[in-house]
Amino acid sequence: MRRSEWSLPLGGDATDRFLPWIIWLLVFIAAIALVIALALGGAAERWRASQSGVITVELGAAAAGNLPIPLLIDVRLAPTGGATLDQVRAAVAVVAPGAQVDDAGAWLAPLARTVSAVRTVGYGVLALIGLASIATVVFTSTTGLAVHRDAMELLHLMGAEDGFIADQFQRQALIMGFLGGLAGLILAAGAFALFGAMARGLEAPLLPRLSLDPAGFVLLAALPFAAAILAMLVARLTVLRALARLP
Amino acid sequence: MIRFQGVSLRYGNGPQVLRDVSFELEPGSFHFLVGPSGPGKSSLLRLMYLALRPTRGTVELFGRDLTETPRRELPALRRRIGIVFQDFRLLDHLTVFDNVALPLCLAGLRAGSVCEHVGELINWVGLGHHVESRLPVLSDGEKQWVAIARAIVARPSLLLADEPTGNLDPDLGLRLTQLFAELNKIGTTVVMATHNETLAVRFPFATLRINEGQVAVGQRRAGRLQ
């Protein structure tokens, strides 16, 4: 049958073209925020694990004398049954009175708090992007309804079910949301590749290594699908709400 | 078929367009809706095809009181009505075929039967050479025939036409009214709004006369044409 797939002329107006553009930008920012949040969480965990139970002994030059020993020594305490920080301090004070014994956790804690705060900000940005996406789709759907109001009312008067009309808007939002999301993810991947290349040239052994575990990659890859599904659901609800106001 | 009881209508805070209107149209009847220019005729039709709710009173359609009919059941009622709008209200992005086929698609008919039936009807209204044309290339008269074909393609129980002869020359207007009369003979209830009372008196049908918000139902008369 030479039947139109679409009864409403969606896809040709400015509101339909606007959606993928704003979605790619939102997904791009969301991908950056997600990677930062996930990578910082992983790095903080690895850092905490590597520094847990580690104390630093700093020997003064006088204490070392002419002996060929390092001035800064990391001591890893046994998790159970080993010496405590105070016992190590007492023992070191006997052989090297000027030496300083520090708990690595003492300086790691504020750093970990900072990392945690940055991660929380990352998740906050993600939540804001989710809200911005919802607002964007509500706006485009409402504007789309206004643009196509005559055609939509005609279908309504001819006996189209609300779901039939909403299906068309939601399908369009799904496609536009996915295309925009995919573009945003590809651009974000490019940005990460660039950042990675730049970071490899840095000499910063104290900085945590930023990497994602497989679950992180799955979450990242899910962003375009999440954007598409969110766009679809919001478009459907917006259209159904508008249709419910018709007689 | 249609029953109005104490129906009043006003748009916003504007004047009353209909005032305490009560009448009943039997199934299988044909009425010309006549009266002076103004919003009355179109408003009455819009109440009949469920584009408006009355400010006061009740409208019954197909034996259902619309004020008590759940909203989810209204689409099925609407699909039993064929509407010819004064301004056509065709979808410009679709072809003639798709515009005419739309009611059948909305009713969920299968592709094969739709193709055959729609093609026949388009040929019958004289637009066979325009089956795949888009609306912008058609004249107003041709668009009117597309709108009419769309209104009758699903063989509606109730046909409502708002000035359907307005864009047609007198001969075509007469032919169109004869077509509606034929549909009426096979059971379709017809209400046709027209300002052309000379056309109306040529047919043996009753009138619904609207004047200053009041509606009077006339009797069937002996028309000059059968």
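Residue B/R89 touches chain A through both its backbone and its side chain, counting heavy-atom pairs closer than 4.5 Å. For a residue to count as touching a neighbouring chain, one of its non-hydrogen atoms must lie under 4.5 Å from one of that chain's; by this rule B/I81 does not touch chain A. For a residue to count as touching a neighbouring chain, one of its non-hydrogen atoms must lie under 4.5 Å from one of that chain's; by this rule B/R150 touches chain A with the side chain only.
In this structure, B/L106 and A/L155 approach most closely via the heavy-atom pair CD1-O, 4.2 Å. Nearest approach of A/E161 to B/R72, heavy atoms of both residues: OE1-O, 4.4 Å.
A distance of 11.5 Å separates CG in A/L157 from CG in B/L74, rounded to the nearest 0.5 Å.
Between chain A and the options B/R80, B/R79, B/R78, heavy-atom pairs under 4.5 Å are most frequent for B/R78.
For residues 52-61 of chain B, heavy-atom neighbours of chain A at less than 4.5 Å comprise B/L52, B/R53, sorted by residue number. For residues 226-247 of chain A, the interface with chain B (any heavy-atom pair closer than 4.5 Å) comprises A/L243, A/A244, A/L246, A/P247, sorted by residue number.
Residue B/R155 qualifies as open at atom CZ: its count of foreign heavy atoms under 6.0 Å is 12 or below. Remark: B/R71 CZ is packed, more than 12 non-hydrogen atoms of other residues, nucleotides or ligands lying under 6.0 Å away. Annotation: A/F225, atom CZ; neighbour count of heavy atoms from other residues, nucleotides and ligands within 6.0 Å does not exceed 12. Atom CD of B/E212 sits in a sparse spot, with 12 or fewer heavy atoms from other residues, nucleotides or ligands closer than 6.0 Å.
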